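Following: one structure in structure tokens, then a few remarks.
Everything numeric in this text was worked out from a predicted model, so none of it was measured. Computation of the quantities below employed the complete heavy-atom set of this structure, encompassing side-chain atoms and omitting hydrogens, waters and symmetry-equivalent molecules.
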Amino acid sequence: MTERSPAGLRHRLAAEMVQLRGKRTLKWLVEQTGVSETTIRRVEKARGHRPNRSNMLALLKALDAPAGKRAYIMSLWEGAGSEGFTAEYPNLREPYRVYVENERVARGLRNYQSLFIPGLMQTEPYARAVIGELWPDAKPADVQEHVKVRLNRQALLTKDDPLHLDVVVDEAALRRCVGGPMVMAEQLRRLQALAELPHVSLQVIPFSVGVHGGMHGNFAILSFDDADHAEFVYIEQMGKDQFLHNKPDVNRYTSTFENLRKEKALSPDASLSLIDSVERELTAQGETR
């Protein structure tokens, strides 16, 4: 992998600092270093700007980081300070910015969606309808910026060394008529086209399955070739996005995804047949209006 994402390095830096602190409390670390609790929390959650050099060195000294580990963490700190892909989009929420930067350099993405079509597969009219409705008080310029970011992300699927995308969606995502019948029909045709790509897998969990493990909510699992990037889970929620990088959490979500893919979802071919059926229904609705 030739790119290294500054936001991705901040995330890796956060994981290293959480592991290094272990069971020692924030209060203890504040007392030992004089670094504020707010600054330490920002480091450990990969939020906001990186701390200054003196604070980083104080934290590493208090945590008894070995020389090799200290050098590695400071190399992450150096890289985390440069401008990344999303620098030209100043209004993005910080957690989403971190996710997008990581996605840009990921090797694989496993994504479960219960209500929406995944962002990497959305058409512009669908994306605009979703963002505008979920962010009703946004300025038109903010909506446009987020739509642009979403569409630019999709280049990951068509570049020379594309992202490997495995998607499982609930049937509800197909039948919720976002933007009207014609917008939704166009969106389903886009799904059919993307599913033909050799590095894309798309499966649908039909309503007939009933209750399943994905009903807890949407999640994405990013994996990387680069040793600086550990696999992690991203959960997008209203006002409180989460990054889970502890191995037990990653394993739990990976197991859930594999269960949905193998045990609950239709096969890729049967999924495409269902998508085609829903698309025909929507097209017919649009033509009669």
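The distance from the CG atom of L222 to the NE2 atom of H245 is 14.0 Å, given to the nearest 0.5 Å. Here the CG-CG distance, from L120 to N111, works out to 7.5 Å after rounding to the nearest 0.5 Å. The NZ atom of K45 sits 11.0 Å away from the CZ atom of F243 when rounded to the nearest 0.5 Å. To the nearest 0.5 Å, atoms CG (L163) and CZ (R153) are separated by 10.0 Å. The CG atom of L109 lies 9.5 Å from the CZ atom of F224; values are rounded to the nearest 0.5 Å. Considering CG of L59 and OG1 of T39, their distance stands at 8.5 Å, rounded to 0.5 Å.
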Quick one, F257 with Y112, criterion ring-ring contact (aromatic ring centres under 6.0 Å, His included). Give me CA distance, side-chain angles, the key distance, then yes/no. CA-CA 7 Å; F257 186 86; Y112 167 73; 7.9 Å; no
Salt bridge (charged side-chain N to carboxylate O under 4.0 Å, His left out) between K139 and E145, intermediate numbers included: CA-CA 10 Å; K139 299 177 181 178; E145 180 175 85; over 6 Å; no
For a side chain to side chain contact (heavy atoms under 4.5 Å, CB included) check, start with the C-alpha distance between S36 and V30, then their side-chain angles and the critical distance, and finish with the verdict. CA-CA 6 Å; S36 72; V30 169; over 6 Å; no
Decide yes or no on side chain to side chain contact (heavy atoms under 4.5 Å, CB included) for D161 and R107, but give the supporting numbers first. CA-CA 9 Å; D161 185 20; R107 180 59 177 167; 2.6 Å; yes
Could you go through I275 and L202, starting from their C-alpha distance and side-chain angles, then the distance that decides it, and tell me whether this counts as side chain to side chain contact (heavy atoms under 4.5 Å, CB included)? CA-CA 10 Å; I275 292 169; L202 173 61; 3.6 Å; yes
Dump the intermediate steps for side chain to side chain contact (heavy atoms under 4.5 Å, CB included) on W77 and L60, then the final yes or no. CA-CA 12 Å; W77 178 87; L60 293 174; over 6 Å; no
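V168 and V200 are not part of a single hydrophobic cluster, where members link through side-chain heavy atoms under 4.5 Å apart. Linking Ile, Leu, Val, Met, Phe, Trp and Tyr residues whenever their side-chain heavy atoms come within less than 4.5 Å places V278 and L194 in a single cluster. L156 and I117 end up in the same hydrophobic cluster when Ile, Leu, Val, Met, Phe, Trp and Tyr side chains are linked at under 4.5 Å. Criterion: ILVMFWY side-chain heavy atoms under 4.5 Å apart, direct or through other members. Under it, V233 and L260 are part of a common hydrophobic cluster. F116 and V149 end up in the same hydrophobic cluster when Ile, Leu, Val, Met, Phe, Trp and Tyr side chains are linked at under 4.5 Å.
The pair E186-R190 fails the salt-bridge criterion, with no side-chain N (NZ, NE, NH1 or NH2) lying under 4.0 Å from an Asp/Glu carboxylate O. Here E16 pairs with K69 in a salt bridge; the nearest charged N to carboxylate O distance falls below 4.0 Å. Salt-bridge formation is detected for the pair D249/R252: a Lys NZ or Arg NE/NH1/NH2 atom is positioned less than 4.0 Å from an Asp or Glu carboxylate oxygen. Salt-bridge formation is detected for the pair R261/E258: a Lys NZ or Arg NE/NH1/NH2 atom is positioned less than 4.0 Å from an Asp or Glu carboxylate oxygen. Taking a cutoff of 4.0 Å between a charged side-chain nitrogen and a carboxylate oxygen, E281 and R175 qualify as a salt bridge. Checked for salt-bridge contact, D166 and R110 miss the test: no charged N lies under 4.0 Å from a carboxylate O.
The side-chain heavy atoms of I73 and M56, taken from C-beta on, include a pair separated by under 4.5 Å. Two residues are said to be in side-chain contact when any heavy atoms from C-beta on lie closer than 4.5 Å; H212 and N259 fail this criterion. In this structure the side chain of L165 reaches within 4.5 angstrom of the side chain of L157, judged on heavy atoms. Counting heavy atoms from C-beta outward, E103 and Y234 have side chains that stay 4.5 Å or more apart. In this structure, L151 and E124 have side chains that are in contact, with non-hydrogen atoms separated by less than 4.5 Å. Contact of the L191 side chain with the Q187 side chain is registered, since non-hydrogen atoms from C-beta on lie closer than 4.5 Å. Looking at R21 and R24, their side chains come closer than 4.5 Å, going by heavy atoms from C-beta outward. The shortest distance between side-chain heavy atoms of V130 and V178 falls below 4.5 Å.
Checked by atom type and distance alone, the side chain of N52 pairs as donor or acceptor with a backbone atom of N55 at under 3.5 Å. In this structure a side-chain-to-backbone donor-acceptor pair under 3.5 Å is missing from Q32 to A62. A donor-acceptor pair under 3.5 Å links the side-chain atoms of S75 to the main chain of Y72, judged by distance alone. Counting only distance, with no hydrogens or angles, the side chain of W135 and the backbone of D142 share no donor-acceptor pair below 3.5 Å. A donor-acceptor pair is defined here as one N or O able to donate and one able to accept, closer than 3.5 Å; such a pair exists between the side chain of Q154 and the backbone of G119. Put simply, the side chain of E37 never gets that close to the backbone of L26: no donor and acceptor are under 3.5 Å apart.
When every heavy atom of S114 is checked against every heavy atom of N218, the shortest pair comes out as N-OD1, 2.8 Å. Closest approach of R280 and D276 over heavy atoms only: NE-OD2, 2.8 Å. Between M184 and A173, the shortest heavy-atom distance links the atoms CE-O, 3.3 Å. Contact record, E171 with P206: OE1-CA, 3.3 Å, taken as the closest heavy-atom pair. Closest non-hydrogen pair, S271 versus V204, comes out as OG-N, 2.9 Å. Nearest heavy atoms, L188 versus E279: CD1-N, 3.7 Å.
Heavy-atom contacts from other residues, nucleotides or ligands closer than 6.0 Å to CZ of R176 number 12 or fewer. Enclosure of atom NE2 in H199 by more than 12 non-hydrogen atoms of other residues, nucleotides or ligands within 6.0 angstrom is indicated. Counting non-hydrogen atoms of neighbouring residues, nucleotides and ligands closer than 6.0 angstrom, the CG atom of D160 reaches no more than 12 such neighbours.
In summary, the side chains of D241 and Y99 do not present any donor paired with an acceptor at a separation below 3.5 Å, with no hydrogens or angles considered. Side chain to side chain, D269 and S267 fail the donor-acceptor criterion of an N or O pair below 3.5 Å.
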